[in-house]
Amino acid sequence: MSTDLLSTSTEIDIGGTVGEFEWDWKNQPIKVVYECLGSGSPLLLLPAFSTVSMRSEMAGIAKLLAPYFQTVAVDFPGFGESSRLGIEYNRALFGQFLKDFVTSVFNTPISVISAGHSCPYVLQLAQEQPSLFSRIALIAPTWRGPLPTMGANKSIAGMVKNLVRTPIIGQILYKLNTTPGFLSLMYRRHVYTDVEKLTPDFIDYKWHNTQQPGARFAPAAFVTGNLDAVDSRDEFLDFARDLSVPLMVAIAQSSPPKSLAEMEAIAALPGVKSVKLSGSLGIHEEYPQIMVEAILPFLNG
């Protein structure tokens with residue numbers, strides 16, 4: 001791993017060394033924040049895309065795996081502590097970011113644990129450049145954003161995205177959809193299964209993440225399907241078919257039915273190892289101990 005990218009240090013939720021990756025997208029400089037913990041072979045941790053996406057949701061997994069790997073957890077562009085610019089966030093941006101980050105930060109094949117909507121991007125890059133990866137573990141993999149999953153067509157989804165991007169009405173709509181009460185409802189419905197873990201402090205922490213300057217642009221793109229790496233299940237599965245890199249899928253059995261169907265479809269492909277665990281879309285954050293116990297033998301294999 002390139003040591004010159006570890007110049008910035010602080011202690012936050014994961015408790016590791018924080019670095020900044022200076023990335024350029026169409027002549028627009030973007031600061032990407034990542035955090036390293038542990039030593040050994042590199043293990044990239046990619047959180048799920050969501051309104052509250054941030055690297056700290058991988059904290060439990062990072063701490064448990066730090067004795068075995070050098071874990072590297074990332075805040076995607078537009079999320080967490082990375083730059084939250086008012087640019088157009090789309091599949092091209094995130095596909096290029098992942099490629100540039102992996103090829104710039106690491107100098108040896110890496111293992112990766114990817115959650116939710118980030119999974120197709122990993123599979124796509126692994127198809128294009130399999131030599132970058134040694135093993136891939138997908139946790140509750142999905143590919144379709146919330147509005148398309150609800151049946152909204154591209155025209156309606158595009159109108160919603162553009163509305164949220166407007167200075168006044170967009171800010172109001174975003175505020176309404178990121179109130180502590182609304183965030184708690186969403187977590188209860190399809191992210192966590194143990195509601196006792198949704199304490200006021202937990203929800204407040206998530207809420208503060210949504211209130212940063214420029215925070216609405218990337219989540220609006222995710223919700224409306226603009227961050228969907230593919231347009232169909234067949235495309236999603238094509239990324240995983242005949243993949244030369246060992247692949248494991250963790251199915252969260254309490255996920256919403258449509259999301260669960262996508263997990264089961266990719267897990268059913270020949271050569272894919274899979275495990276079914278109790279949990280929903282936030283299983284990687286809610287049950288890190290169970291997740292690590294299921295994945296570690298595969299990573300060490």
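Here, residue 1 is the first one in the sequence, and each next residue gets the next number. Side chains included, hydrogens not; waters and symmetry mates left out as well; all remaining heavy atoms used. This structure is a prediction, so every number in the text was calculated from the model and none was measured.
The structure places CG of Asp75 at 11.0 Å from CD of Glu20, a figure rounded to the nearest 0.5 Å. Rounded to the nearest 0.5 Å, atoms NE2 (His284) and CD (Glu57) are 3.5 Å apart. Distance CD/Gln70 to OG1/Thr17: 8.5 Å, rounded to 0.5 Å.
A distance below 6.0 Å separates the ring centres of Phe49 and Phe94.
Qualifying side chain to side chain contact (heavy atoms under 4.5 Å, CB included) partners for Glu196, counting only residues two or more places apart in sequence or in other chains: Asp194. By the side-chain hydrogen bond (donor to acceptor under 3.5 Å, both in side chains) test, Ser274 pairs with no residue at all, sequence neighbours left out. Partners of Glu262 by salt bridge (charged side-chain N to carboxylate O under 4.0 Å, His left out), not counting sequence neighbours, listed by chain and number: Arg144, Arg233. Annotation: salt bridge (charged side-chain N to carboxylate O under 4.0 Å, His left out) contacts of Asp228 (sequence neighbours excluded): none.
The main-chain N or O of His208 is found under 3.5 Å from a side-chain atom of Gln212 such that the two form a donor-acceptor pair. In terms of modelled atom types and a separation under 3.5 Å, the side chain of Thr71 and the main chain of Leu37 share a donor-acceptor contact. Between the Arg55 side chain and the Gly80 main chain, no donor and acceptor come within less than 3.5 Å of each other. In this structure a side-chain-to-backbone donor-acceptor pair under 3.5 Å is missing from Tyr89 to Pro77. No donor-acceptor distance shorter than 3.5 angstrom exists from the side chain of Thr224 to the backbone of Gly158, with no hydrogens or angles considered. Remark: the backbone N or O of Leu173 is paired with a side-chain donor or acceptor of Asn177 at under 3.5 angstrom. Side-chain atoms of Lys206 do not come within 3.5 Å of backbone N or O of Leu183 as any donor-acceptor pair. The backbone N or O of Gly86 sits nowhere less than 3.5 Å from a side-chain atom of Arg216 that would complete a donor-acceptor pair. In this structure, Ser82 contributes its side chain and Val33 its backbone to a donor-acceptor pair below 3.5 Å. Listed for the Thr210 side chain is a donor-acceptor partner under 3.5 Å among the backbone atoms of Trp207.
Surrounding NZ of Lys31 are more than 12 heavy atoms belonging to other residues, nucleotides or ligands, all under 6.0 Å away. Heavy atoms of other residues, nucleotides or ligands lying less than 6.0 angstrom from CD1 of Ile169 number 12 at most. Counting non-hydrogen atoms of neighbouring residues, nucleotides and ligands closer than 6.0 angstrom, the OH atom of Tyr68 reaches no more than 12 such neighbours.
Put simply, the side chain of Phe97 reaches to within 4.5 Å of the side chain of Val74, judged on heavy atoms. In this structure, Leu138 and Leu123 have side chains that are in contact, with non-hydrogen atoms separated by less than 4.5 Å. Between Ser280 and Pro256, some side-chain heavy-atom pair lies under the 4.5 Å cut-off. For the pair Lys175 and Gln211, the minimum side-chain heavy-atom distance is below 4.5 Å.
Ion pairing of Lys161 with Glu88 is present here, as a side-chain N (NZ or NE/NH1/NH2) and a carboxylate O approach within less than 4.0 Å.
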Less than 3.5 Å apart, which donor and acceptor atoms pair up between the side chains of residues 236-244 and the rest of the protein, not counting sequence neighbours?
unit_1 : atom_1 : unit_2 : atom_2 : d
Asp238 : OD1    : Arg241 : NH1    : 2.5

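Shortest non-hydrogen contact noted between Pro120 and Trp143 is CG-CB, 3.8 Å.
With no hydrogens or angles considered, a side-chain donor-acceptor pair links Thr193 and Tyr287 at under 3.5 Å.
Taking the six-membered ring where the residue is Trp, Tyr187 and Tyr192 present perpendicular rings, their angle passing 60° and hence far from 30°. Taking the six-membered ring for Trp and thresholds of 30 and 60 degrees, Phe101 and Tyr34 have ring planes more than 60 degrees apart, a perpendicular arrangement.
Through chains of ILVMFWY side-chain contacts below 4.5 Å, Leu185 is grouped with Phe182, Met186.
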